[in-house]
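Encoded as structure tokens, the structure appears first; notes follow it.
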Amino acid sequence: MNHYSMQVQDILHNKHFQKAEVIAGRLGLHNVIKWVHILEIVNVENFVKGNELVLTTGLGIQNDVDKFLHFVKGLIESNCAALCIEYGQYIQQVPYEVVQLADEHAFPIIVFKEEVAFIEITQELHSLIINRQYAMVSKLESYSEKLNKETLYAQQPEEILKITYKYLEKPLVLKIDGQEPILYPNTSKKQKACLLQKLEEESYVQKLLVQPIHLFEHKYAEVMLVEEKASITEFETLILDRTATALGQLFIRKLYVEEKKGMEDAHWIEGWIEGKHSKDEIHHYLFSQWPSLSLQGGAVFITQFNESFSQQKLDITYYKLLGRSIFEQYGFLTLIIEKKKYIIFILLNKREGSMKDRMKEALSKLGNSEVLAKIHPSSFQFAVGKITNDLHCMHDSFQTALDTLYIKRKVGTPAQFYDDLHLFRLIYNLQKHVDLEQMVEDYLQPLIEFDEKNNGQLLETLEVYLQTNGSKQETARRLYIVRQTLYHRIRKIESLLGEDFMNGEKRLALEFMLLARKFLVPMKKGSA
């Protein structure tokens, strides 16, 4: 028996129902009753709001099966708890069609075979409902008071879940975005894996009560109550709602503690990525913070937001929290600082295996997160610098992450890792030491001049022709031109560059210069 809400099965033990009989819908005896209502009309939709126990003598439905069906169907659609019928002057039997309908929808129909006083039933059940509501409110106040006290000192979410479990005695699952789910009470790995697998099954959803936890208007986590046997009660719903609020407060407090600590350490961390600290100073700092931590290199990851998004301070705070959680899941200790329009993540590797593969998975999860899904893809850029095994070289990773952002902006490449830029890295470094523009002109100037004068599209044709390894059919298809047009363009390219433009080193040089020109063109337009 539920002590805080009244179910249909509870009233069967009441003195007024000693001689009553359930003739249909037994599977719905767990339905919750929130009020008792007497109805003698067929169209009930405007008179009930759900969870009512409806009492009737059948005055409006006597001797008419269609009206009876319409009446019961209306109660079912209005989510009423059950129907009680007094046999007597108007009804002596419930039609088979009505019983069948009630059974199909687990809607209990209870009959009194002798006259009963509806007013006495109504008064007594209302009194019981109100008393249970009062007891529930008192219990909730007690729970809230205990929860508030615990939240002031709690350091881990398990401390909150422990209190909830004492009140409900049912398993709880806490799913934080980017982290492994937390189960309370804790179970073996096998049992945990089994339950988590069930949570993914659509048929299991009805056995869960899920309460989201929002931070700064974003869903950060969700806490679930697992109910295997009975239905979820109002008391359990209210308890879980308060639990979610307490967990949200805990997460926010931890967030601001981390933010405050991060601000205190920001000056030192900034010096680290700028190469101002010695190897001994770096190891001393890390050991003082995490004495038992074994690190195996790392990299710097930068998120660059445009100016309009950078103004949304709460979103940035949430983004840093989310990023830290996701990278932690993939085996990285994360230090975060803000610098101008950059959010800089120092990712310190704690696991064996490929750092880059795990970073890619983490970046994919972060890029698809709710906080970034709400803004246009052009509002932010990701860049990961050189991956290093030496923590003293983190300033190199930071600088190459900045270089990656610069190159991405220049050439529009989707690459996120400095290691994936390949020839663009070479072009960028070459540009620092030689007149790259003059080199490009030495090789491509005849085509450039021809295109400018005649709109000949020779540069584009050459680029695609090289990409397809000289396949005329594929080149024509990609350029959306007929073969004759392509043949004409290739003859013109040969006349300007020489018939050997597809041979050996000359072809390689042309491919390189086409890439270099892509890098240089934005600079000519003034976007340095």
Side-chain angles (χ1 to χ4, degrees), residues 155-156 178-179 215-216 251-305 310-351 355-356 358-359 362-363 366 380-406 416-418:
Q155 298 298 317
Q156 300 300 328
Q179 297 184 20
L215 301 186
F216 310 127
F251 294 142
I252 288 175
R253 189 177 76 239
K254 291 182 71 175
L255 163 64
Y256 281 107
V257 168
E258 291 171 356
E259 282 294 299
K260 183 178 179 181
K261 185 178 183 303
M263 290 174 64
E264 293 170 351
D265 294 342
H267 182 71
W268 192 94
I269 294 172
E270 189 171 341
W272 181 13
I273 60 176
E274 290 176 354
K276 296 179 180 179
H277 301 316
S278 68
K279 184 177 290 189
D280 287 341
E281 288 173 331
I282 293 168
H283 283 284
H284 180 268
Y285 171 82
L286 294 174
F287 183 77
S288 67
Q289 300 290 328
W290 302 278
S292 60
L293 195 62
S294 175
L295 296 174
Q296 304 174 52
V300 172
F301 159 58
I302 297 177
T303 304
Q304 179 183 13
F305 291 105
S310 298
Q311 300 302 317
Q312 302 176 38
K313 294 298 183 183
L314 292 181
D315 283 342
I316 293 294
T317 300
Y318 175 79
Y319 176 76
K320 290 192 290 185
L321 174 64
L322 179 62
R324 178 180 280 113
S325 297
I326 291 175
F327 285 115
E328 181 70 27
Q329 181 187 12
Y330 287 94
F332 296 97
L333 172 67
T334 306
L335 306 178
I336 308 173
I337 59 171
E338 288 186 54
K339 190 174 182 180
K340 297 181 180 177
K341 53 188 174 182
Y342 303 131
I343 308 297
I344 302 168
F345 296 75
I346 302 177
L347 307 177
L348 304 177
N349 185 36
K350 300 187 294 182
R351 289 186 196 167
M355 274 191 274
K356 188 174 180 180
R358 285 183 280 119
M359 284 181 191
L363 289 179
L366 186 60
F380 65 93
Q381 290 279 358
F382 285 172
V384 180
K386 186 186 297 183
I387 296 173
T388 176
N389 291 319
D390 188 350
L391 298 179
H392 184 243
C393 296
M394 204 60 71
H395 64 284
D396 289 334
S397 185
F398 172 61
Q399 186 56 54
T400 51
L402 291 175
D403 292 346
T404 304
L405 284 173
Y406 177 78
Q416 296 177 335
F417 287 77
Y418 181 74

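All of these numbers come straight from a predicted model, not from anything done at the bench.
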Considering residues at least two apart in sequence or located in another chain, which fulfil the ring-ring contact (aromatic ring centres under 6.0 Å, His included) criterion with [X]?
X      : result
Trp290 : none
Phe301 : Phe327, Phe345, Phe382
Phe287 : none

Only one of Met359, Arg358, Met355 passes side chain to side chain contact (heavy atoms under 4.5 Å, CB included) with Leu347; say which it is.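 Single side chain to side chain contact (heavy atoms under 4.5 Å, CB included) partner of Leu347 among Met359, Arg358, Met355: Met359.
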Residue pairs involving residues 390-405 (criterion side-chain hydrogen bond (donor to acceptor under 3.5 Å, both in side chains); sequence neighbours excluded):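 Passing the test, one end in residues 390-405: Gln399-Asp403, Asp403-Tyr428.
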Determine, stepwise, if the pair Phe398 / Ile302 fulfils side-chain contact (heavy atoms from CB on, under 4.5 Å). CA-CA 8 Å; Phe398 172 61; Ile302 297 177; 3.9 Å; yes
Inter-residue atom distance [X].[atom1] - [Y].[atom2], 0.5 Å rounding:
X      : Y      : atom1 : atom2 : answer
Gln296 : Thr388 : CD    : OG1   : 13.0 Å
Lys341 : Gln304 : NZ    : CD    : 5.0 Å
Glu270 : His277 : CD    : NE2   : 9.5 Å
Leu333 : Ser294 : CG    : OG    : 12.0 Å
Gln416 : Lys356 : CD    : NZ    : 10.5 Å
Leu295 : Asn349 : CG    : CG    : 8.0 Å

With the side chain counted from C-beta on, respond yes when [X] and [Y] share a heavy-atom pair under 4.5 Å apart, and no when they do not.
X      : Y      : answer
Phe332 : Ile346 : no
Leu348 : Met394 : yes
Ile337 : Ile273 : yes
Glu328 : Thr334 : no

Val384 vs Leu363, test: side-chain contact (heavy atoms from CB on, under 4.5 Å). Steps then yes/no. CA-CA 10 Å; Val384 180; Leu363 289 179; 3.7 Å; yes
On a heavy-atom basis, which atom in [X] and which in [Y] lie closest, and how many Å separate them?
X      : Y      : value
Ala401 : Val300 : CB-O, 3.9 Å
Gly298 : Leu391 : N-CD2, 4.5 Å
Arg351 : Gly331 : NE-CA, 3.3 Å
Ala362 : Tyr330 : CB-CD1, 3.7 Å

Partners meeting salt bridge (Lys or Arg N to Asp or Glu O under 4.0 Å) with Lys276 (sequence neighbours left out): Glu274
Name all residues meeting the side chain to side chain contact (heavy atoms under 4.5 Å, CB included) criterion together with Ser278; count only those two or more places apart in sequence or in a different chain, and write none if there are none.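 So Ser278 forms a side chain to side chain contact (heavy atoms under 4.5 Å, CB included) with Asp280, Glu281.
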Just checking His284: does its NE2 atom have more than 12 heavy atoms from other residues, nucleotides or ligands closer to it than 6.0 angstrom?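 No, the 6.0 Å shell around NE2 holds no more than 12 heavy atoms from other groups.
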Is atom NZ of Lys339 surrounded by more than 12 heavy atoms (other residues, nucleotides or ligands) closer than 6.0 Å?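 More than 12 heavy atoms, drawn from other residues, nucleotides or ligands, come within 6.0 Å of this atom.
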Give the intermediate values and the outcome of side-chain contact (heavy atoms from CB on, under 4.5 Å) for residues Leu286 and Trp272. CA-CA 11 Å; Leu286 294 174; Trp272 181 13; 4.2 Å; yes
Residues pairing under salt bridge (charged side-chain N to carboxylate O under 4.0 Å, His left out) where one sits in residues 287-300, two or more places apart or in two chains, turn out to be none
